[in-house]
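As the structure is a prediction and not an experimental result, all values here were calculated from the model.
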Amino acid sequence: MEFLLLGLSDDPQVQPLLFCLFLSMYLVTITGNLLIILVVSSDSHLHTPMYFFLSALSTADIGFTSTTVPKMIWDIHTQSRAISHAGCLLQFSLFYLFACLDNSILTVMAYDRFVAICHPLHYPVIMNPRLCYLLLLASVLFSVLDSQIHCLMISLLTFCAHVEIPHFLCDPTQLLRLACEDTSTDRLLIYFISVIFGGVPISGILYSYTRIVSSILRLSSTGGRSKAFSTCGSHLTVVCLFYGTAIGVYLSSVVSQSTRQGALTSVVYTMVVPMLNPFIYSLRNKDLQRAFQKFHSRTT
């Protein structure tokens, strides 16, 4: 059985523009995140919990975009939009895995900033290498569980022949609409799972930043406040981008009846946010900038 991914547009004149645009964005995303990983691993001064989790986030971003964008670029190039049932399950399984991993790592990074600002004297003891690896392992296991639950639910559905998905990826919400059976129970279960696997990380981030802001406001020094805010400013920007766009996609799917509108909105958090993350973390980070310069001088 095959599905057809209808993509973003049927206009033949728009296809070359979409191909060049998405290929450029994908190459920038891969290059930027790979540079973050290489620079952090090559500079001993950056072997700290914050940059360890930043490397993990860059790895998750590479996997996140690579599950959908290469397939979309290939479909535009070949004008063949077919994807097998097994390929569809694999695609959205990996998509949910890396999306949830992004979500979990952002939560762990918020906890890292909370410990650094609220308990600075105990930071080296609390955020030891063993705890960092355990937190990363827990994030991976949490993401695998979320991914496999979604995959199991969709794999049990039956579909009619010639299923056309008005999206550039195998979106579970679209697959539920196209199934040849009553999926009301499955919809409720998916929303319930999304609340759990999305609500827990969001609650952790909100709690961490509530405590961080409270601690910063108690500082008497203006310089200390600005330094503390700049320490977590990049992470907070990425959090707002990631959750803001994800919530925007959800609200647009609820308010708007246009399925193509939801696909266009999905481009923002599947491609734009992972592409911007390396720039956000490096533009105002002097340690990363110095490490980039060292790495560049060594390679040239």
Using the rule given for ring-ring contact (aromatic ring centres under 6.0 Å, His included), can you reason through H85 versus F3, listing the C-alpha separation, both sets of side-chain angles and the distance that settles it, and then say yes or no? CA-CA 7 Å; H85 182 263; F3 298 136; 5.8 Å; yes
Do you reckon W74 sits in the same ILVMFWY cluster as L18, going by side-chain contacts under 4.5 Å, direct or chained? no
Flag yes if F279 and L27 sit in one hydrophobic cluster, no otherwise; membership is Ile, Leu, Val, Met, Phe, Trp, Tyr, and two members link when side-chain heavy atoms are under 4.5 Å apart. yes
Give a yes-or-no answer on whether the side chains of [X] and [Y] include a donor-acceptor pair shorter than 3.5 Å.
X: Y123; Y: D112; answer: yes
X: Y26; Y: S66; answer: yes
X: S147; Y: S93; answer: yes

To the nearest 0.5 Å, how far apart are [atom1] in [X] and [atom2] in [Y]?
X: L57; Y: N33; atom1: CG; atom2: CG; answer: 7.5 Å
X: F114; Y: H119; atom1: CZ; atom2: NE2; answer: 4.0 Å
X: I165; Y: C88; atom1: CD1; atom2: SG; answer: 4.5 Å
X: I205; Y: M109; atom1: CD1; atom2: CE; answer: 10.0 Å
X: L101; Y: F142; atom1: CG; atom2: CZ; answer: 11.0 Å
X: F92; Y: I154; atom1: CZ; atom2: CD1; answer: 4.5 Å

So, for [X] and [Y], which heavy atoms are closest and what is the spacing to 0.1 Å?
X: L135; Y: Y111; result: CD1-CD2, 4.3 Å
X: Q91; Y: C170; result: OE1-N, 2.9 Å
X: D102; Y: F64; result: OD2-CD2, 4.0 Å
X: F168; Y: L5; result: O-CD1, 3.8 Å
X: I212; Y: A110; result: CD1-O, 4.2 Å
X: M275; Y: T29; result: CB-OG1, 3.2 Å

Side chain [X], main chain [Y], donor-acceptor under 3.5 Å:
X: S42; Y: V39; answer: yes
X: Q289; Y: S282; answer: yes
X: S214; Y: R211; answer: no
X: Q15; Y: I76; answer: no
X: N277; Y: P274; answer: no

Are side-chain heavy atoms of Q148 and L152 found at a separation under 4.5 Å? no
Neighbour count >12 (heavy atoms, 6.0 Å) for atom CD, Q13: no
Chi angles and distances behind the side-chain contact (heavy atoms from CB on, under 4.5 Å) call for T270, F95: CA-CA 9 Å; T270 55; F95 181 80; 3.6 Å; yes
Kindly say whether the aromatic ring centers of H77 and F19 come within a distance under 6.0 Å. yes
Partners passing ring-ring contact (aromatic ring centres under 6.0 Å, His included) against Y133 (at least two apart in sequence or in another chain): F52
